[in-house]
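Any value given below was found using the heavy atoms of this structure, including those in side chains, with hydrogens, waters and symmetry copies removed. Chain letters run A, B, ... following the sequence lines, proteins first, then strands; residues in each count from 1. Note that the coordinates shown come from a computational prediction; the quantities given were computed from them, not determined experimentally.
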2 protein chains.
Amino acid sequence: MGRVSFREQVLRAREEAILVSVNRLLAEKGFDVMTVDEVAADVGIAKASLYKHFASKEELAAAAMIRVLDRALAQLETQQADTRAAPFDQLKAATRWTMQVQLAGEMPSLPAQNSALRGALMGNKVYLDRLMQVSDLLGVWITAGQKSGSLNAALPPELVLYTIFARACDPVLGLLKAGGNYSDEQIIEMLLVTCFQGLAAVAAPAKTPRGHAAAQAA
Amino acid sequence: MGRVSFREQVLRAREEAILVSVNRLLAEKGFDVMTVDEVAADVGIAKASLYKHFASKEELAAAAMIRVLDRALAQLETQQADTRAAPFDQLKAATRWTMQVQLAGEMPSLPAQNSALRGALMGNKVYLDRLMQVSDLLGVWITAGQKSGSLNAALPPELVLYTIFARACDPVLGLLKAGGNYSDEQIIEMLLVTCFQGLAAVAAPAKTPRGHAAAQAA
DNA sequence: GTCTATAGCCAGATAGAC
DNA sequence: GTCTATCTGGCTATAGAC
């Protein structure tokens, strides 16, 4: 039943090409500054043709956001295959992946900011569904990590989740890259240290014996 | 020589009112979404009058950014008066202040993002000068903190600086506030923990005695 | 479905009277 | 300096031929 005509394959390929362009432009300039003319020019087709595939600029961007969430889901499922990895390391690996995507210029800035896009995305069922799937997968690891004592159990799980999401659009990555003094890998490893050392359970002070592990927020 | 006419005082007051509005709208919607019409309406004057005070939308925003940097400088200088405070705590206090400003809706999103504003700001001498002043003040504490062993000396000072700047526009603050489960103070203290525990020197593992003193964030 | 051409709108900036 | 009214340009979206 899944047979698709050659014609349809060409269609899909073109839509994929469009989304690649949108993804890159969205990462580069953001939704508000990106224009549909630019997208059309980048893909190499007429603007009117774009609107045959996507009904509006918002829908275009939403499709790109959904695509990156799908890539994230694929990454997380790949990681899940390694059942020996500790939750803490799974979370770190997931964050490393988002940082790599960002430094590659392929991370459309998530609309935690106040873009005109936000409203449209909050009404998009597919987008919200994918976002929840990603959150749930990460949530499992977060809960497990807090239970096992590797993650600071005094922090609300949502805070950990949001913090990991926020690293995907952390401006520090771009600033350090612009400085030119470190390789992408060095930048990522350094930021992973500061991020996950911050989320980790507090190490017991060296002087006092018997510091119980998990506690402590302030 | 510093005498100003009454007329000029009124002028200054109006410009201050304009900048307050711009500051708030910039924090709320960002440069690209904010319109000059909105600003004029918010201040309660005609758009053309705005342009008598500021030559362009970019200049308007730049003035607001400079104003917030001036507020930051005042805060830092106040802190400097307390010479007993450790550099690590000075940095934490400075970051707490930026987080308070952000949660109060008064932090215009810094243009690490790719706004149309960025180019204009990079060509604005006054803005760059103020930014450098703030960076220098923080830089002194960063260097001192690394020397004293409270800050992770393996991290480039620029990374620490950028990380502190980035906390001023951290989307996690807004997301947690939107959740409604925590007070502003709780949110700030939790994020200060994750931020500065991440930047702190690595605590000696609990098992090995003889961890030197200064380390540790929580 | 692809194109060219254009409608319609809105935002930044200005003219000119007061 | 403040206003009302207007210009100008660019952007989203569509019409209509092929």
Side-chain angles (χ1 to χ4, degrees), chain A residues 4-19 21-22 25-26 28-65 108 111 114-121 123-124, chain B residues 4-19 21-22 25-26 28-65 108 111 114-121 123-124:
Chain A
V4 286
S5 67
F6 173 72
R7 188 104 194 181
E8 193 162 341
Q9 283 185 29
V10 173
L11 199 78
R12 297 292 166 129
R14 171 141 300 182
E15 293 200 345
E16 173 65 14
I18 293 172
L19 290 185
S21 281
V22 171
L25 288 169
L26 229 39
E28 199 175 299
K29 335 180 70 166
F31 179 75
D32 301 313
V33 176
M34 177 188 81
T35 70
V36 178
D37 290 83
E38 281 175 321
V39 177
D42 195 68
V43 180
I45 63 178
K47 182 163 56 168
S49 302
L50 264 189
Y51 279 95
K52 294 288 180 181
H53 292 276
F54 302 92
S56 69
K57 183 186 178 184
E58 280 77 15
E59 213 169 282
L60 199 59
M65 298 299 304
N114 307 39
S115 163
L117 180 58
R118 216 188 95 88
L121 285 178
N124 187 311
Chain B
V4 288
S5 66
F6 173 72
R7 189 105 193 180
E8 193 162 338
Q9 283 185 30
V10 172
L11 200 78
R12 297 293 166 127
R14 171 140 298 179
E15 293 199 346
E16 174 65 15
I18 293 172
L19 290 186
S21 281
V22 171
L25 288 169
L26 229 39
E28 197 175 300
K29 335 180 72 164
F31 179 75
D32 301 314
V33 177
M34 177 188 82
T35 69
V36 178
D37 290 84
E38 281 175 321
V39 177
D42 194 67
V43 180
I45 62 177
K47 182 163 55 167
S49 302
L50 265 190
Y51 279 95
K52 295 287 180 179
H53 292 276
F54 302 93
S56 69
K57 184 185 178 185
E58 280 76 15
E59 212 169 283
L60 199 58
M65 298 299 304
N114 308 38
S115 164
L117 180 58
R118 216 187 94 87
L121 284 179
N124 187 312

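- Rounded to an integer number of Å, the gap from A/Lys57 NZ to C/dC10 P is 15 Å.
- Atom C1' of nucleotide D/dT12 and atom CG of A/Asp32 are separated by 14 Å, given to the nearest angstrom.
- The side-chain contact (heavy atoms from CB on, under 4.5 Å) search around A/Arg14 returns A/Ile18, A/Ile45, A/His53, not counting sequence neighbours.
- Spacing between atom CD of B/Glu58 and atom P of C/dG12 amounts to 9 Å, rounded to whole angstrom units.
- Rounded to a whole Å, the CG atom of A/Leu60 is 13 Å from the C1' atom of D/dA13.
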Task: Trace of the side-chain contact (heavy atoms from CB on, under 4.5 Å) decision for A/Glu28 with A/Met34 - done: CA-CA 9 Å; A/Glu28 199 175 299; A/Met34 177 188 81; over 6 Å; no
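- For A/Glu16, the side-chain contact (heavy atoms from CB on, under 4.5 Å) partners two or more places apart in sequence, or in a different chain, are A/Val20, A/Arg67.
- Atom CG of B/Leu60 and atom CG of B/Leu19 lie 7.0 Å apart (nearest 0.5 Å).
- Residue A/Asp37 places its side chain closer to D/dT12 than to any other of D/dT12, C/dT14, D/dA13.
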Taking only nitrogen or oxygen atoms into account, show me every contact under 3.5 Å that the protein makes with nucleotides 1-5 of chain C, one pair per line with its distance.
| unit_1 | atom_1 | unit_2 | atom_2 | d |
| --- | --- | --- | --- | --- |
| C/dT2 | OP1 | A/Arg14 | NH1 | 3.0 |
| C/dT2 | OP2 | A/His53 | NE2 | 3.2 |
| C/dC3 | OP2 | A/Ala46 | N | 2.7 |
| C/dC3 | OP2 | A/Ser49 | OG | 2.6 |

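- For the OP1/OP2 pair of D/dT14 and a distance below 4.0 Å, the side-chain nitrogens and oxygens of A/Tyr51 include no atom meeting the criterion.
- Partners of B/Glu59 by side-chain contact (heavy atoms from CB on, under 4.5 Å), not counting sequence neighbours, listed by chain and number: B/Ala55, B/Ser56.
- For the pair A/Lys29 NZ and D/dC11 C1', the computed distance is 13 Å after rounding to whole Å.
- Taking the side-chain contact (heavy atoms from CB on, under 4.5 Å) definition, one finds that B/Val36 meets it with B/Lys47, B/Leu50, B/Tyr51, B/Lys57, sequence neighbours left out.
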